[in-house]
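Bear in mind the structure is a predicted one, so any value in this text is a computation, not a measurement. All heavy atoms count here, side chains included; hydrogens, waters and symmetry mates do not.
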Amino acid sequence: MKKEKKPPFINSYTKAYEDIAFLKSDAARSVRLQLELLKPEVVLHEAGIKEGIVCFGSARIRPEKESLKRIADIKKQIKKEPKKAALKHRLAEAEGLLKLAKYYDYAREFTALAVKKGKNRFAIVTGGGPGIMEAANRGAFENGGKSIGFNITLPMEQFPNKYITKGLAFLFHYFAIRKMHLVMRSKAVVVFPGGYGTFDEMFEILTLVQTGKKSQIPIILVGKEFWNDIFKIHKVAEYGVISKEDQFQVVETPHEAWDIIAKCYKIK
């Protein structure tokens, strides 16, 4: 038995810009891409934001106190269900994240420095979510700086953290357009420990700079033990597939990260 054809969902007599069904259709994807690029550009222009420092890092990293509480809660659950393997995996993850808890404080401290010593020249830009993103937005927000968050719709909905300046929280559908906005006004990129998303964002900006699509800017990784464990980037250079000048700088402290940016832009 043939299925009955449904009538067209696009109303021919509705103005195109008022027809939500049409705007959400496959045919209008190019229009949606343009709108998603344009809207934040208009808002940021009206807010007078021309330069930013972008901070990347894991959404899972929380302050030490919260990390310790999570570990304690999981241990209580393990006592009740000692044979549950999933709980042991969660405990291992939580203990790993505890080792990185200090970087929540570092991100917060770094953006506070950037706002105060940079005299509000740079807006602080993040993905707008929890963890390191929250910490970076928080350091700027608490010190009177402009704090921007670029959220994106995900299967597990992401919500903007509470430290984003009112009117400067944005929601994206397309990763590509979101990435463009993360890069367009960036005058430095500071990367704290993170996972696949952080690596993706970091390598994208490194590639854009390497290929001349983005001007040379400071790209700084904070957390020597973490990054030296994860990447042996000097080995990649030894094989000749990248050049020494294509690399980034690895530091440990917020002050070291800010000093690199201050030196680059001659900020005293």
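Counting heavy atoms from C-beta on, the side chains of L168 and L44 come closer than 4.5 Å. Side-chain contact between S186 and V125: absent, with no pair of heavy atoms (C-beta onward) separated by less than 4.5 Å. Proximity of R29 to Y174: side-chain heavy atoms (C-beta onward) are separated by under 4.5 Å at one or more points. Taking the side chain as every heavy atom from C-beta outward, L87 and E81 approach each other to under 4.5 Å. Side-chain contact between V190 and V54 is absent, with no heavy-atom pair separated by less than 4.5 Å. Proximity of L171 to I152: side-chain heavy atoms (C-beta onward) are nowhere separated by under 4.5 Å. Side-chain atoms of E41 and M180, non-hydrogen and from C-beta on, never get closer than 4.5 Å to each other. Looking at heavy atoms from C-beta onward, K146 lies out of side-chain contact with V115 at the 4.5 angstrom threshold.
F141 and Y106 are members of different hydrophobic clusters when ILVMFWY side chains are connected at heavy-atom separations under 4.5 Å. Linking ILVMFWY residues whenever their side-chain heavy atoms come closer than 4.5 Å, directly or via other members, places I132 and I148 in the same cluster. Both Y196 and I205 belong to a common hydrophobic cluster when Ile, Leu, Val, Met, Phe, Trp and Tyr are linked at side-chain heavy-atom distances under 4.5 angstrom. Cluster annotation: M133 and F110 are assigned to distinct hydrophobic clusters (Ile/Leu/Val/Met/Phe/Trp/Tyr, side-chain heavy-atom contacts under 4.5 Å, transitive). Grouping the Ile, Leu, Val, Met, Phe, Trp and Tyr side chains by contacts below 4.5 angstrom, directly or via other members, places V42 apart from I49.
You'll find the ring centres of F248 and F203 outside the 6.0 Å limit. Between F226 and Y103, the distance from one ring center to the other does not fall under 6.0 angstrom.
Using modelled atom types and a 3.5 Å distance limit, the side chains of N137 and S147 yield a donor-acceptor pair. A side-chain donor-acceptor contact under 3.5 Å links E256 and T253. With no hydrogens or angles considered, no side-chain donor-acceptor pair links R121 and Y265 at under 3.5 Å.
In this structure, the separation between CD on Q247 and CG on L221 is 11.0 Å, given to the nearest 0.5 Å. Of the inter-residue distances, the one linking L154 atom CG with F159 atom CZ reads 10.5 Å to the nearest 0.5 angstrom. With rounding to the nearest 0.5 angstrom, the CG atom of L91 is 9.0 Å from the CZ atom of R70. Here the CG-CD1 distance, from L98 to I61, works out to 11.0 Å after rounding to the nearest 0.5 Å.
At a threshold of 4.0 Å, the pair K179-E204 counts as salt-bridged, since one of the basic side-chain nitrogens sits closer than that to a carboxylate oxygen. In summary, K69 and D73 engage in a salt bridge, as defined by a charged side-chain N under 4.0 Å from a carboxylate O. Between E238 and K232, none of the side-chain N atoms (NZ, or NE/NH1/NH2) sits under 4.0 Å from a carboxylate O, so this pair counts as no salt bridge. Look at R108 and E134 and you find no salt bridge, because none of the NZ, NE, NH1 or NH2 atoms lies under 4.0 Å from a carboxylate O. Taking the charged nitrogens against the carboxylate oxygens, R138 and E109 have no contact shorter than 4.0 Å, which rules out a salt bridge.
The side chain to side chain contact (heavy atoms under 4.5 Å, CB included) with Y104 is formed by just one residue from the set S67, S58, P130, P63; it is P63.
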Start with the C-alpha distance between K99 and E64, add both sets of side-chain angles, then the distance that settles salt bridge (charged side-chain N to carboxylate O under 4.0 Å, His left out), and finish with yes or no. CA-CA 9 Å; K99 296 175 185 176; E64 184 179 35; over 6 Å; no
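Taking the six-membered ring where tryptophan is involved, the planes of F172 and F150 are perpendicular, since the angle between them exceeds 60° and thus also 30°. The aromatic rings of F122 and W258 sit perpendicular, their planes meeting at an angle over 60°, well past the 30° parallel limit.
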